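Single-structure report; data block below.
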Number of protein chains: 2
Amino acid sequence: MSEKEKFLGEFEQCILLSILRLGENAYGSSVRELLSDVVNREVSIGALYTTLERLETKGMVSSRVGEATAQRGGRAKKYFEVTAKGQQALKRSKQALEKLWKGVALSVVINDGIRQSC
Amino acid sequence: MSEKEKFLGEFEQCILLSILRLGENAYGSSVRELLSDVVNREVSIGALYTTLERLETKGMVSSRVGEATAQRGGRAKKYFEVTAKGQQALKRSKQALEKLWKGVALSVVINDGIRQSC
DNA sequence: GCTTTATATCTACAATGTAGAGTATTTAAG
DNA sequence: CTTAAATACTCTACATTGTAGATATAAAGC
């Protein structure tokens, strides 16, 4: 077991989480929209698909091509799903970060000038 | 304002958090030890210092060289501190991840075979 | 001086992040 | 039909971040 535990990149994590959240409806474009909507992160088309492909190569996600079902034309969608391996990697990343955050308090001046800690 | 908001890498976040946690005592070797102890992550010396230097170039941390104070020999330590900019970047990263995690539940089989969600 | 201990710098390469032009596929309009 | 529009994915290329280990510094102790 365990083939030299690697770490997920920051963007990889975002994409994995987006796929999970989208569930049945997770494919390239929808992931891209979600990132734009939820975390206000605009990513290029290339950035997105490249990363999806790499995640698949690493076994973090699996994919299947859907039937051509578009309302107004359009190419067939490629749906993604996070594998068990992907979920475990995500969990590990989350736990590592949570451990490090534990006990740490920031104290920066926020936009409106009010000092907060978090 | 805002010079094309970039994102922190995964390892960069870890290092920044380690520095915050170590407070006055944050320097290369201590950060390395912390990562090993807290998140069980062994990083090479080169990986660590390279990243610290890059973070400094980006203005995420600042450094000062301490006096030679070693008990048993040794080169002077280079102490690091996370700048306001670094703290804000950290906060942004944290919030983005939290937003994405919100509403997502994993369901992978854990080591001991017990199904959990988190 | 020479060895030991503690810490940092340098050089190099691999992996991940990012962009945008180009391609494919299907529907609607002319 | 033929072309335009819509939707989604593939390809190529380069920038940034991750990672390693050898090497250099510096002081303490003998």
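Computed from a prediction, not measured in an experiment: that's the story for all the values here. Every chain is numbered from 1, with letters handed out A, B, ... down the list of sequences.
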Contacts of type side chain to side chain contact (heavy atoms under 4.5 Å, CB included), residue B:S29, not counting sequence neighbours: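 For B:S29 the side chain to side chain contact (heavy atoms under 4.5 Å, CB included) partners, ignoring immediate neighbours, are B:Y27, B:Y49.
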Using the test side chain to side chain contact (heavy atoms under 4.5 Å, CB included), find all partners of B:S36 that sit at least two apart in sequence or belong to another chain.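 So B:S36 forms a side chain to side chain contact (heavy atoms under 4.5 Å, CB included) with B:E42.
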So which heavy atom on [X] is nearest to which on [Y], and how close?
X	Y	value
A:S18	A:V31	CB-CG1, 3.9 Å
A:K85	A:G59	CB-O, 3.8 Å
B:V65	B:A76	CG1-CB, 3.9 Å
A:L8	A:L90	CD1-N, 3.7 Å

For residues 19-26 of chain A, tabulate all N or O donor-acceptor pairs below 3.5 Å that involve a side-chain atom, not counting sequence neighbours.
from  : atom 1 : to     : atom 2 : distance (Å)
A:R21 : NH2    : B:K99  : O      : 2.7
A:R21 : NH2    : B:K102 : O      : 2.8

Strictly below 4.0 Å, heavy-atom distances to any atom of DNA chain C: list the hits from residues 33-41 of chain A, or just say none.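 Under 4.0 Å from DNA chain C: A:R41.
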Expected output is a numbered-order residue list: members of residues 13-27 of chain A with a heavy atom under 4.0 Å from any atom of DNA chain D. What is it?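 Within residues 13-27 of chain A, the residues near DNA chain D are A:Y27.
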d([atom1], [X]; [atom2], [N]) in whole Å:
X	N	atom1	atom2	value
A:E42	C:dG20	CD	C1'	15 Å
A:K77	D:dT7	NZ	P	10 Å
B:F80	C:dT7	CZ	C1'	11 Å
A:M60	C:dA15	CE	P	14 Å
B:L52	D:dG18	CG	C1'	13 Å

When rounded to the nearest 0.5 angstrom, what is the spacing between CG in A:L52 and CZ in A:F80?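 Those atoms lie 4.5 Å apart.
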Sequence-distant partners of B:E10, side-chain hydrogen bond (donor to acceptor under 3.5 Å, both in side chains), two or more places apart: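 Listed in chain order: B:R41.
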Output the pairing pattern of DNA chain C as a dot-bracket string, 5' first, Watson-Crick or G-U wobble with both distances under 3.5 Å, | for cross-strand pairs, [ ] for crossing pairs. ||||||||||||||||||||||||||||||
Give a yes/no answer on whether the side chain of B:S44 brings an N or O atom under 4.0 Å of OP1 or OP2 in D:dA20.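 Checking D:dA20 against B:S44, a side-chain N or O does come within under 4.0 Å of OP1 or OP2.
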Without swapping roles, check the side chain of A:R32 against the backbone of A:V43 for a donor-acceptor pair under 3.5 Å.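 Side chain of A:R32 to backbone of A:V43, a donor-acceptor pair under 3.5 Å: yes, one is there.
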Do side-chain atoms of A:R92 reach the backbone of A:K6 as a donor and acceptor pair under 3.5 angstrom?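 Answer holds: yes.
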Listing request: all side-chain hydrogen bond (donor to acceptor under 3.5 Å, both in side chains) pairs with a residue in residues 53-65 of chain B, at least two apart in sequence or in separate chains.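 Qualifying pairs: B:E12-B:K58, B:E56-B:S63.
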Could you go over nucleotides 10-17 of chain D and give all protein N or O partners under 3.5 Å, atom names and distances?
from   : atom 1 : to    : atom 2 : distance (Å)
D:dT17 : OP1    : B:K58 : NZ     : 3.1

Applying the 4.5 Å side-chain criterion to the ILVMFWY set and letting contacts propagate, would A:L97 and A:F7 be lumped into a single cluster?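 The answer is no; the residues belong to distinct hydrophobic clusters.
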